[in-house]
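Below, all heavy atoms of this structure are taken into account, side chains as well, without hydrogens, waters or symmetry copies. By convention in this document, chain letters (A, B, ...) are assigned in the order of the sequence lines, proteins followed by strands, and residues within each chain are numbered from 1.
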Amino acid sequence: MLIQYKIKQTINMASNKKYWKSVEELKENSSIVEKLKQKEFVEEIPADQFLGDKDTLDSSSTSRRDFLKYVGFSTAVASLAACEGPVIKSIPYVIKPDDITPGVAEYFATTIADGIDFANVLIKVREGRPIKIEPNKESSFGSTNARVQASVLSLYDNNRLKGPKAKGEAITWNKFDTEVLAKLNELKGNGEKIVFLTGTCASPSTSSLVKKFSEQYSNVAHVVYDAISESAALDAMKEMYGKRSLPDYDFSKAEVIVSVGADFLGDWQGGGFSTGYAKGRIPKNGKMSQHIQFESNMSLTGANADKRVMIKPSQQVNALIKLYQAIVSGVATREMSPLNTAIQDIAKQIKAAEGNAVVVTGIQDKNAQLLALQINKAIQSSVIDVVNTRNIRHGDDAKVTQLTADMKAGKIGAIITHNTNPAYTLPNAKEFTEALKKTKLSVSFAMSDNETTNASQYVAAIPHYLETWNDVLIKKGQYSLTQPTIHKLFDTRQFQETLLKWLGSNETYYDYLKGNWNNNILGGKSWNQALHDGTFSVSVANEENLVNDVDISAAGSALSKIKGSDLELTVYTKAGIGDGQQANNPWLQELPDPITRTTWDNYLLVSRIDAERLGLENRTVDNGALNGDMVNITANGVTIEKVPVYIQPGQAPGSIALALGYGEKGLQEEMSIGVNAFPFAKGIFHNASIEKVSGEHEFACVQLQHTIMGREGEITKETTLADFVSKPKDEWNSPPKFSLDHQEVTQDKVDLWEKFDDLGTRFNLSIDLATCTGCAACVIACHAENNVPVVGKHEIRVSRDMHWMRIDRYYSSDMTVEKGKEEGIFGTGDFFNAQIQPSDAPEVSFQPVMCQHCNHAPCETVCPVAATSHGLQGQNQMAYNRCVGTRYCANNCPYRVRRFNWFKYFDNNEFDFNMNNDLGRMVLNPDVVVRSRGVMEKCSMCIQMTQLTILNAKKEGRPVADGEFQTACSNACPTDAIVFGDVNDKISKVAQLEKDDRSFKLLDFVGTKPNVFYQLKVKNTKEA
Amino acid sequence: MQSNTFKKLITGLTFLFLISFSISAQQGDPENGKKLYNTNCAACHKLDKKLIGPPLKGVSEKRSNEWLHSWIKDNNALRESGDQDAIDIFNEYNSIPMTPYPQLSEQDINDIIAYTDDKPTGDLAATTSKASDPKVALGKKLFQTHCVACHKLDKKLIGPPLQGISEKRSKEWLHLWIRDNAALRASGDQDAIDIFNEYNSIPMTPYLQLSEDDIDAILAYTTVGDVKPVEVAAVVADIVVATPKSSNRWMSYALALVILILAVWILVQSKNGFLKIAVTIFVTLLGTYVLFDSLMDIGIDQGYQPIQPIAFSHTIHAGDNLIDCEYCHSSARNSKTSGIPSANVCMNCHKSITEYNGPVTSESEKAFYDAEIHKIYDAIGWDVDKLAYKDNYEQIPIQWNRIHNLPDFVYYNHSQHVNVAGLECQECHGPVEEMDEVYQYSPLTMRWCLDCHKETDIDLKDNAYYAKIHEELAKKYPDLENWTVADLGGKECGKCHY
């Protein structure tokens, strides 16, 4: 049926904002941007190279006839070879374990506590292999981030230690025990000091074991040290509330959130706050929280803020003092600076919120933390909880410094490190490594070789957390259990097991743990139930909180003495790599950073103004890839050479930042990238100087890739709370209008295609842009669930990344140069008011994009072999075995979500990642095929998961309940921004969301009728 | 594949020349009938037992020849015509309609009926000669119900061998022991205590429910023992499996040769230009057809019958002993794989069945079968003499050769078909209970899958999962009653390829 309509599409502009992904797009007439808009596959196939080059052709000995002969021969051989199939073995168990049914997944509740990430998770186990990590949604710490999601691959890391070692040589555990015990006893005899240096374990049973050890060996100390230190906050808590643990924050209660340099949606104070934060970000009854962020480098938190004030670290200190003065002391500074105006404004808002407000700070200074605590105390904040505190950071920087000094002085007999790599993560790592050599005994418990194991005499191989027993007290009263989900892969022994051996006990750690729980924790409740749940809560008596009298004014005056400098260097953690303990995990290396959209690197973030001042440049080369200049950074007496520069919109002028977790030793070659930023990790900031050096760095940045044909202006929608509340829906979220015979009509009147039968289940996916923080947990979850291959840095650079879902990060600004000057609201620095460009202080919005599963899919109509087709349940299906790789579909997709397998990514030494070794392949999902070369692939809406849910319902003869249908991304989302379900089930959550006023479809005027829809973002921009 | 070539040649010839090669057939040839039966009927029928359909032995005595012809050709039409017999049979057999066979000729049907009438050699039940004495017969029955789990006649098992036990012990003692051995031991009977100690202090189940006569019968049986089967029919060897039909193959070669010689002869000898051209075209077309069809068979392993590490016979287990498929392939109901049973499942029975006592042939003697059973013990580490698992035995998994291989890009789930759809295993795997060595019965091609999906109706009414969609469908298409798997998305690519 072909009906000809005269269609005139009226483009709706929700706002006058311009959206862009890269500053390159702001340049006028950029040929590269134009090219990328027009071409899905930027990289030309180098056919010209061998066909166009006449010399090569002439000198080639292969004639046309030879070529045909070879083609004929190989076809014949291939056909003949296909005649006889290989003999495939089926090997059943000899004695099948009762609970394993081959082909059916089991789930176990456990807890990750690796020193940086703490979460209650469920492990999906197939035939005895953990293959996927899901959040344990029934627990209070059941949200996962990208690193937790990816940790399953770290289990199957070929780089892991396979057994204990002494001075670099493999030894047996027996010999290891004998030798170490002999030395320990000798040290005990001499009364020399034995020190445990560990990361935060937060494990009651481990602590009690260490205590037992201390009793037996008398002169023992336990020093805790975190690579991502929260020592300042802990010290402040100790001083004010008498206990060295972190306060908890329930951001869902907050009406006003003020953050001074705290990346609380990232790793600030252990993270895990995004679930609560997101609850306040959806307008309810015309109200939502307001989030104001003061920060220097663009963090995930700043990107989500309603108002982001970019100031350099020294000014953040200043801002905190002013905030304190305005709120607590009631002194309003009359300084006429935009920063001061903003702060006076915020103070008013906080007061108006009547306790439903909170001020948090990430300034690594005890006095600053004290100020923030005092503000929250003064406003009687309901958000902060200083009674039921969190134990997930315990590190004490002062003690570590003391320890290093003691070691240097030869006062330490033995040092036993566990769950930490101080020779890499300490700012004075070199000094520590030297000092380590002065101890009589050094034992390092580690999962793989690193700087510390290399410097230690003995290395004890420890298992991955998925192979161990343990317990964790994440928060006061909230106990969790870690249980093994796979038999140990290597000859490893966990730290606690070794301690028991050294104590002369024959008990296993499992028995010890269970005994400890039965005696001290469970209070008569069932151990099996606790293990099944993974968590156990005890009600905490509502104790009176001890409040010490703290001299805040002294703290304030100490703070005010901090002097800024021209270039202030800070360090930060990335959503993917974190502190670097999973740096050998290719999923995380290839995860595009949410803000910079760059993979496989760390780099120095510099503002445009500083870059111009110092003559530093980023260049977009012809195929859309990014190149950058390189510099040497000198700070804290250390120089790091050849650091690539990334010019970051929204970076406060005068501040620079470098990500931690890179440049570690002992990793696989592909993963040994970036520079080590830990030498700069201590303190608030460092005065730095940078010097441009020759050379050009090639980034693997995806920000310009998969550009949606110049339609960015219409692709994402947002509005302000004021408009949302007071204006009719059509003004901020109008559906596309078409004119038909000079009448304005809605879309359904001008459809070219016939409708599908809409019977039974139809899957829809809803993505809430208001609560999506861009954390990228979903990207890794998708990676793990769907066997998405890792392609490596070079392939990413040439636009061949394979991620089935991407999180587009758009910068936007309605600010023109004139307007900016007129209002002067960007001028938050003394020297920063000359040149304002839209790219200098943009707003940010995130938009996860995967296959939109169009009901009228443009890809389906162009496939010459019908390899992609429409399913009755709404999926756009892709049959890989049918695909011949014409790539027409990708060219015709308006959303740019199809990915082409340029190479065979498994069993191929060119792509030496997890799919290239037997161990790494154990993580593959057996229900999803590993795609071969030459086929197109894309999001399947996790059809393997929906099919299983349906099958289970059919077997049990019942309808599917709402919430049962999940995709990997919807399940992983810590903020419930992604909701999946049957839209024909009218009571389902997704059906409700579809009818919501905020709901819109991507590029809906194209008429593709997607089964994925979005909820537009609302920003609370009200001023006091 | 070879056996198909003949068929192809035949169809090819028919297709091109419209000549029907009628292979001369006699009235009701049971040989040919057997072939046809095995190809067309065996999936749902047995001669002597119900399967999906009724047993067919002597069916012509029950129904008229005409009726049978019309039923086989199109039973649906027969039922629709209101034939009460047809309707009754349909209802009796769970309303599963039989596949119509319009393609079978009258002659074919006569052949099949001849085969079902004839007392076919292949399906002779192993007639172990019944002991003439009814008491012994009763005793055997009781023995097999109550005693075999722990006793054998001639060997130790969990309890002592029982052959000739009444010669060793008095009748009274045996009665007391069998009815309540614990009481006997408690009374201080030294014999009873000794036996108890000798057999690892495992107390025997008391059998208070057995009457005096029952016990006498059992004892009579233990005295007489099993009378050796008088005649051992060559049961095992004669069951027809899809062994390559060598006669067919040679016939196809011969036919091809004849055609070729004929063609060459015509080309060389004939002066008729038209004939030459016609023959050339004919040979080319025929050759192309055969070549194309053979190429289409590449990768289809129908009939694949690898030699397995253990000569496990489904005939003995599923056929003779009627062990349910899902007893061993227990995950077929729950999982995507049907599951190859682990050795501990074998041991459930083979702890007590340590040797083969069935009919033997000259090729496979008892020793051969016994050795095969011992392979399980080698795998799992079972000590036949001590009747216990060996300590610290390094178990060796049995490496079966996988017969049904789907490519990686196909997702197939057994539980969907077995549990939800309620298919019998035989519908895809063929008469496994008659296979000594299992072979791939179905082609496992996508067309084969889809053909079934297009024909099979979904039972929308009895499963609450379908309630909503059934309601919607009934509203939208009030005239339609049945929906096939394909109607509800069972032929979408993405349902099996992901």
Side-chain angles (χ1 to χ4, degrees), chain A residues 79-80 82-83 85-97 101-104 757-761 786 866-873 875-882 926-932 940-944 947-948 950-960 984-985, chain B residues 1 295 297-299 301 304 306 330-331 333-345 347 379-381 395-403 405 407-411 413-416 419-421 462-469 472-473 476 487-489 492-498:
Chain A
S79 324
L80 285 173
C83 290
V87 174
I88 299 168
K89 298 280 181 194
S90 271
I91 307 173
Y93 288 98
V94 175
I95 296 174
K96 186 176 86 70
T101 306
V104 179
D757 258 359
D758 193 12
L759 297 170
T761 302
N786 292 303
T868 184
S869 55
H870 197 72
L872 284 179
Q873 293 169 335
Q875 309 100 333
N876 167 252
Q877 300 171 346
M878 182 69 220
Y880 311 118
N881 44 316
R882 194 158 186 153
D927 288 337
V928 177
V929 65
V930 174
R931 281 76 58 184
S932 189
S940 67
M941 252 187 189
C942 285
I943 192 168
Q944 70 280 5
Q947 283 292 90
L948 185 67
I950 292 172
L951 178 59
N952 287 338
K954 281 179 185 169
K955 278 190 209 164
E956 289 161 28
R958 58 173 175 83
V960 178
N984 284 350
D985 176 6
Chain B
M1 207 191 300
L295 287 176
D297 275 353
I298 288 174
D301 297 321
Y304 176 51
S330 55
S331 45
R333 186 152 282 277
N334 309 311
S335 170
K336 68 186 224 184
T337 61
S338 62
I340 312 281
S342 50
N344 65 320
V345 176
M347 290 305 289
I380 203 167
Q395 296 169 330
I396 313 147
I398 302 163
Q399 303 200 6
W400 299 96
N401 292 317
R402 195 181 163 109
I403 300 166
N405 291 302
D408 262 1
F409 52 75
V410 183
Y411 180 88
N413 193 311
H414 270 90
S415 66
Q416 170 91 53
N419 190 340
V420 179
D462 297 335
N463 190 331
Y465 169 77
Y466 293 111
K468 196 178 111 193
I469 188 150
E472 289 171 6
L473 281 169
K476 186 150 187 182
D487 289 340
L488 292 187
E492 288 174 5
C493 311
K495 291 289 171 69
C496 309
H497 301 296
Y498 46 76

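In this structure, chain A has heavy atoms under 4.5 Å from both the backbone and the side chain of B:K495. Interface residue B:P341: only backbone heavy atoms are found under 4.5 Å from chain A. Neither the backbone nor the side chain of A:N876 comes within contact range of chain B; no heavy atom of the residue lies under 4.5 Å from a heavy atom of that chain. There is no contact between A:T868 and chain B, counting heavy-atom distances below 4.5 Å. A:D927 touches chain B through backbone and side chain together, each having a heavy atom under 4.5 Å away. Contact annotation for B:P306: neither backbone nor side-chain heavy atoms come within less than 4.5 Å of a heavy atom of chain A. For A:Q944, the parts lying near chain B are the backbone and the side chain together; criterion is any non-hydrogen pair under 4.5 Å. Contacts of A:S940 with chain B are absent, with no heavy-atom separation under 4.5 Å from either backbone or side chain. Interface remark: B:I340 contributes backbone and side-chain atoms alike to the contact with chain A (heavy atom separation under 4.5 Å). The part of B:I396 that comes within reach of chain A is its backbone (N, CA, C, O), which places non-hydrogen atoms under 4.5 angstrom from that chain. Neither the backbone nor the side chain of B:A467 has a heavy atom closer than 4.5 Å to any heavy atom of chain A. Residue contact with chain A, scored on non-hydrogen atoms closer than 4.5 Å, involves the backbone and the side chain of B:N401 alike. Only the side chain of B:N405 comes within less than 4.5 Å of a heavy atom in chain A; its backbone stays farther off. Neither the backbone nor the side chain of B:D462 comes within contact range of chain A; no heavy atoms are under 4.5 Å apart.
Separating the NZ atom in A:K954 from the CD atom in B:Q416 is a distance of 4.5 Å, to the nearest 0.5 Å. From A:N881, atom CG reaches atom OG of A:S932 across 11.0 Å, with rounding to the nearest 0.5 Å. Between the CG atom of A:L872 and the OG1 atom of A:T761 there is a distance of 10.5 Å, given to the nearest 0.5 Å. Rounded to the nearest 0.5 angstrom, A:N952 CG and B:N419 CG are separated by 10.0 Å. To the nearest 0.5 Å, atom OH of residue A:Y93 and atom CD of residue B:Q395 are 13.0 Å apart. Rounded to the nearest 0.5 Å, atoms CD (A:Q877) and SG (B:C496) are 9.5 Å apart.
Contact tally against chain A (heavy-atom pairs below 4.5 Å) for B:H414, B:M347, B:E472: the top residue is B:E472. Options A:S869, A:A866, A:G871 differ in how many heavy-atom pairs under 4.5 Å they form with chain B, and the most are formed by A:G871. Contacts with chain B were tallied for A:N984, A:N786, A:L948, A:I950; A:I950 has the most, counting heavy-atom pairs under 4.5 Å. For the options A:G760, A:G957, A:P959, heavy-atom pairs under 4.5 Å to chain B are most numerous at A:G957. The candidate with the highest count of non-hydrogen atom pairs below 4.5 Å against chain B, out of A:M878, A:R958, A:Q875, is A:R958. Listed options A:R882, A:E956, A:H870, A:Q947 were ranked by heavy-atom pairs under 4.5 angstrom with chain B; first place goes to A:Q947.
A donor-acceptor pair is defined here as one N or O able to donate and one able to accept, closer than 3.5 Å; no such pair exists between the side chain of B:S335 and the backbone of A:T101. In this structure, B:H497 contributes its side chain and B:F409 its backbone to a donor-acceptor pair below 3.5 Å. Checking side-chain atoms of B:S342 against main-chain N and O of A:P92 turns up no donor-acceptor pair under 3.5 Å. Under a 3.5 Å cut-off, the side chain of A:R931 and the backbone N or O of A:V929 do form a donor-acceptor pair.
With sequence neighbours excluded, the residues satisfying ring-ring contact (aromatic ring centres under 6.0 Å, His included) with B:Y411 are B:Y498.
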- [ ] Test side-chain hydrogen bond (donor to acceptor under 3.5 Å, both in side chains) on B:S415 and A:K955 and set out the steps.
- [x] CA-CA 8 Å; B:S415 66; A:K955 278 190 209 164; 3.2 Å; yes
